[in-house]
Amino acid sequence: MKNLSRILLAAAAVAGLAMFASCADENRIIGTWETTTPQPVMPTISGTISSTQTTTIEFAKGTDRKSGPMKLTTIYEMTLPGDSIATAPLSTVNATISGTWTREDGDDDDYILAFDKNSLSVNAVSAPELGPVTEEFLSNISRFSMLEDVEVNKEKTIMTFEDQRDAKYVLKYVAPVATGTTTAE
């Protein structure tokens with residue numbers, strides 16, 4: 001009888017630790033994450049010679065543990081065609097959209113991102129035309145509507161996931177989300 005009591009007590013302790021670890025793990029995505037290296041934009045954005053993108057995703061706590069506000073930002077670095085003296089100017093465009101993240105029911109490592117297109121903001125430094133960049137950004141965010149197999153390492157420094165097209169992403173932890181602010185507008 002003592003052995004059964006010890007087994008039940010040990011099982012309860014293990015279950016408690018598992019629940020504690022699971023609860024601590026629920027907020028693993030909260031914070032600001034950035035792609036580790038700029039990615040080439042292919043095909044290149046209309047009107048540019050070449051362009052790269054760096055994506056940042058900011059996840060904030062919500063009212064429950066299964067959802068919350070988020071913001072996705074992509075910074076485009078573009079090389080524009082050369083001028084009459086063969087100087088190729090550079091341009092930077094910052095595209096941002098807010099929305100919500102929701103943990104998919106039944107699959108704790110998949111997240112659904114819903115974007116509020118009314119929150120779209122596209123700003124530029126020396127960009128001649130924003131239309132092609134805006135089109136690229138809007139077509140690109142659809143791949144982020146489902147983040148599959150999200151994993152965060154123990155140190156909370158690296159996040160990996162697959163997008164809608166099964167492309168693998170590696171993001172580094174940049175900063176915590178500022179308290180008292182929300183990313184959704």
Side-chain angles (χ1 to χ4, degrees), residues 22-42 45 51-78 92-125 127 130 132-185:
S22 175
C23 290
D25 195 40
E26 287 182 0
N27 291 325
R28 68 185 187 257
I29 68 165
I30 302 303
T32 303
W33 301 85
E34 182 178 85
T35 51
T36 55
T37 57
Q39 302 296 312
V41 178
M42 299 306 278
I45 297 171
S51 46
T52 61
Q53 62 186 357
T54 302
T55 300
T56 303
I57 307 175
E58 181 181 307
F59 297 98
K61 289 182 182 178
T63 55
D64 62 21
R65 295 182 295 215
K66 292 193 173 252
S67 64
M70 56 75 56
K71 179 169 46 175
L72 186 137
T73 302
T74 299
I75 298 173
Y76 295 93
E77 297 283 336
M78 301 175 295
T92 302
V93 177
N94 184 349
T96 302
I97 194 164
S98 298
T100 57
W101 63 267
T102 304
R103 188 178 291 211
E104 187 177 44
D105 287 337
D107 200 347
D108 284 346
D109 63 352
D110 290 351
Y111 293 82
I112 299 167
L113 304 186
F115 300 103
D116 176 8
K117 293 198 177 168
N118 292 323
S119 70
L120 176 66
S121 172
V122 181
N123 300 302
V125 176
L130 294 179
V133 180
T134 303
E135 288 174 31
E136 166 64 27
F137 180 69
L138 288 174
S139 69
N140 198 34
I141 64 170
S142 66
R143 69 176 43 208
F144 293 109
S145 62
M146 171 68 86
L147 307 182
E148 297 177 346
D149 302 325
V150 175
E151 293 181 16
V152 176
N153 68 350
K154 285 184 191 179
E155 297 80 19
K156 194 179 175 184
T157 56
I158 300 292
M159 172 192 289
T160 60
F161 62 84
E162 291 181 7
D163 70 9
Q164 283 289 88
R165 301 174 190 162
D166 294 328
K168 184 99 172 177
Y169 286 83
V170 178
L171 288 79
K172 62 185 175 188
Y173 184 76
V174 178
V177 175
T179 55
T181 63
T182 63
T183 56
E185 299 183 27

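Owing to the predicted nature of the structure, the values given are computational and were not obtained by experimental measurement.
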Legend entry - Gap between atom CD1 of Ile57 and atom OG1 of Thr73 - 0.5 Å precision: 9.5 Å
Inset, instruction - Verify side chain to side chain contact (heavy atoms under 4.5 Å, CB included) between Thr74 and Thr54, making sure each step is shown before the conclusion. - result: CA-CA 6 Å; Thr74 299; Thr54 302; over 6 Å; no
Legend entry - Trace of the side chain to side chain contact (heavy atoms under 4.5 Å, CB included) decision for Ile112 with Trp101: CA-CA 6 Å; Ile112 299 167; Trp101 63 267; over 6 Å; no
Inset, instruction - Rounded to the nearest 0.5 Å, what's the gap from OG on Ser67 to CZ on Arg103? Could you check? - result: 10.5 Å
Legend entry - Closest heavy-atom pair and its distance - Thr35, Lys172: O-CE, 4.3 Å
Legend entry - Residue Lys61 excluded, over 12 heavy atoms near NZ under 6.0 Å: no
Inset, instruction - Compare every heavy atom of Pro176 with every heavy atom of Thr32, then report the nearest pair and how far apart it is. - result: OG1-O, 4.4 Å
Legend entry - side chain to side chain contact (heavy atoms under 4.5 Å, CB included) assessment of Tyr169 paired with Thr160: CA-CA 5 Å; Tyr169 286 83; Thr160 60; over 6 Å; no
Legend entry - Check: Gln39/Thr37 side-chain N/O donor and acceptor closer than 3.5 Å: yes
Legend entry - Nearest heavy-atom neighbours spanning Ser119 and Asp116: OG-O, 2.6 Å
Inset, instruction - Quick one: closest heavy-atom pair of Ser51 and Met78, and the distance? - result: CB-CG, 3.6 Å
Legend entry - Residue pair Ile29 / Tyr111, side-chain heavy-atom distance below 4.5 Å: yes
Inset, instruction - Write down the atom of Met70, the atom of Thr100, and the distance for their closest heavy-atom approach. - result: CG-C, 3.5 Å
Inset, instruction - Mind checking the CE-OH spacing from Met159 to Tyr173? Nearest 0.5 Å is all I need. - result: 10.0 Å
Inset, instruction - Hey, could you give me the CG/CH2 distance between Leu171 and Trp33, rounded to the nearest 0.5 Å? - result: 8.0 Å
Legend entry - Lys117/Ile97 under side chain to side chain contact (heavy atoms under 4.5 Å, CB included): CA gap, chis, key distance, verdict: CA-CA 7 Å; Lys117 293 198 177 168; Ile97 194 164; 4.2 Å; yes
Inset, instruction - Would you check if the side chain of Asp163 reaches a backbone N or O of Leu147 as a donor-acceptor pair within less than 3.5 Å? - result: no
Legend entry - Asn94 and Thr92: side chain donor to acceptor below 3.5 Å: no
Legend entry - Leu113 CG to Gln164 CD distance, which is reported to the nearest 0.5 Å: 9.5 Å
Inset, instruction - Evaluate the side-chain proximity of Glu148 to Glu104: yes if any heavy-atom separation is below 4.5 Å, no if none is. - result: no
Legend entry - Expected output: side-chain Asn140 to main-chain Arg143 donor-acceptor under 3.5 Å: no
Inset, instruction - Calculate, to the nearest 0.5 Å, the distance between atoms OG1 and CD1 belonging to Thr55 and Ile141 respectively. - result: 11.0 Å
Legend entry - Test item: Asn153 side-chain N/O and Ile158 main-chain N/O as donor-acceptor pair under 3.5 Å: yes
Legend entry - Closest non-hydrogen atom pair between Arg28 and Asp109, with its separation: NH2-CA, 3.6 Å
Inset, instruction - With Phe137 as reference, evaluate Leu72, Val93, Thr96 under the side chain to side chain contact (heavy atoms under 4.5 Å, CB included) test and give the passing residue. - result: Leu72
Inset, instruction - Assert yes or no for the condition that the ring centre distance of Phe115 to Phe144 is strictly below 6.0 Å. - result: no
Legend entry - Sub-4.5 Å side-chain heavy-atom contact between Ile45 and Tyr76: yes
